[in-house]
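The structure under discussion appears below in the form of C-alpha cells.
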Amino acid sequence: MVTAALEVKPLSPVMGAEIRGVDLSQPLSAQTWNALRAAYLQYQVLAFRDQDLDEDQHQAFAQRFGELQVHVLNQYQKRGNPRVLVITNLKEDGTPIGEHPDPGAAIWHTDGSWSARRPLATMLYSMHKPKWGGETLFANMYAAYDGLSEAMQRRLEGMKAVHDLNYSRSQTNAKQQMTEEQRRAAPPVEHEIVRVHPETGRKAIYLGQHASHIAGMPLDAGRALVNELNAHATQDKYRYDHDWRLHDFVMWDNRCVLHKATEFDWMKDVRILRRTTTLGEHIPAFS
Ligand code: SIN
C-alpha cells in the first residue's frame, strides 16, 4: 500500500506534472488517491517514470477512474482484451507499417469527442520508444479559452460543434476508412464548444480534429471557424511536449486537453504504447 505523500514536480509553466513516489502496480491509499486526483485536476497531464506495469495492473489502475472504453475502431484493440489498445508501428509479423498505426493521432484531437459518452482520462504506457521523435504533444484548453478575445468568448457561448469520427478519418486516414458497422456505432454527435469542466468548473475549448463543423452554421463557415479555433488553441504558448522515456506512464484529462503524436522513423525504429481510456464526467471517490 502506498501511503507516503506524493511528490509533484511541474513539467512546464503551462501544464503537466511528474509524480514521484507512487508505484502504480500497487494498491493506493485514500491519501495517495486524493493527492493524485488533485494533481490531475490541477496539472491536466501526469507523468509517472519507471513504472513496471503489466496489462492487468495498468487496467486495474485505469478502471479506478471509470469504466474503460471499448474503442469502436476494433482493429486497434489488443487481441483478447477489447479494453486495451496497443499503439504500435509493427505489424503482427514484426515488420513496420511505415506510419503511425492511426495517422489521425498525429493531428490535434481529444480522444473520443466523437462519442456521446465522452472519455475522461487516457493513459499510455511506454513499452518501446524510438531513438528520436514519437513524442506526444499536449495543449491546455483552459489557457486557450482564457486567451480568446472577450468578443469570441461571447460568440461561442452555447454554440455546438458536430464531432464525427467518420469525417476526421476521411481527412487523415485515407487507407483505413470506417466500416459500415463502425459508422453505425459512432454516428455524429454535438458538443458545446465551450465546455465547463465538470469538476473544476473552469471553461475550456472543446474541439480538435473530430469536430467537423458547427451546428446551425453553413458547412464552410463552420469548418473555417473550427480551423481558426483549433489553430488558436494549439499555439506553442499553450503546449507541453512529452518526450517519452521507456516505462513512462502518462495520463491526461480529455475534458480540457488536446494532444497529438509526432513523427519518428516509422520504418527503422519502433514505438509501442499500451493505451486505456476511461469514460465519464467525474473521477470516482476513493473506494
Ligand atoms: C492517441 O492519440 O491516443 C495516441 C497518441 C500517441 O500516439 O502519442
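Just so you know, ligand 1 is whichever comes first in the structure, and atom 1 is the first atom listed for that ligand.
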Handout entry: Side-chain (H191) to main-chain (S115) donor-acceptor, under 3.5 angstrom
Key = yes
Practice task
May I ask you to establish whether R202 and Y145 are in a cation-pi arrangement, using a distance under 6.0 Å from NZ or CZ to the six-membered ring centre and at most 45° from the ring axis?
Solution key: no
Exercise for the section: Give me the ring orientation class for H210 and W114: parallel if the planes are under 30° apart, tilted from 30 to 60°, perpendicular past 60°. Expected result: perpendicular
Handout entry: Enumerated ligand 1 atoms positioned under 4.0 Å from heavy atoms of A105
Key = 2 (O)
Practice task
Mind checking whether R271 contacts ligand 1 via backbone (N, CA, C, O), side chain (CB onward), both or neither, at a 4.0 Å heavy-atom cut-off?
Solution key: side chain
Handout entry: Main-chain N/O of S212 paired to D164 side chain as donor or acceptor, under 3.5 Å
Key = no
Problem - Which residues share a ring pair (Phe, Tyr, Trp, His ring centres under 6.0 Å) with F65, sequence neighbours left out - result: W33, Y40, F61
Practice task
Check D102 against ligand 1 and report side chain, backbone, both or neither, counting heavy atoms closer than 4.0 Å.
Solution key: neither
Problem - N or O contact, H109 vs ligand 1, cut-off under 3.5 Å - result: yes
Problem - Identity and separation of the nearest protein heavy atom to atom 4 (C) of ligand 1 - result: I87 CD1, 3.7 Å
Handout entry: Any K260 heavy atom less than 4.0 Å to ligand 1
Key = no
Exercise for the section: Enumerate the atoms of ligand 1 whose separation from the nearest heavy atom of D111 is less than 4.0 angstrom. Expected result: 2 (O), 3 (O)
Exercise for the section: Check whether more than 12 heavy atoms from other residues, nucleotides or ligands sit under 6.0 Å from atom CD of E150, and answer yes or no. Expected result: no
Practice task
Show which atoms of ligand 1 fall inside a sub-4.0 Å distance from at least one heavy-atom site of T136.
Solution key: 6 (C), 8 (O)
Problem - Distance-only N or O hit between ligand 1 and H259, under 3.5 Å - result: yes
Problem - Partner residues of H128 under the ring pair (Phe, Tyr, Trp, His ring centres under 6.0 Å) criterion, sequence neighbours left out - result: none
Problem - Geometric N/O contact R275 with ligand 1, under 3.5 angstrom - result: yes
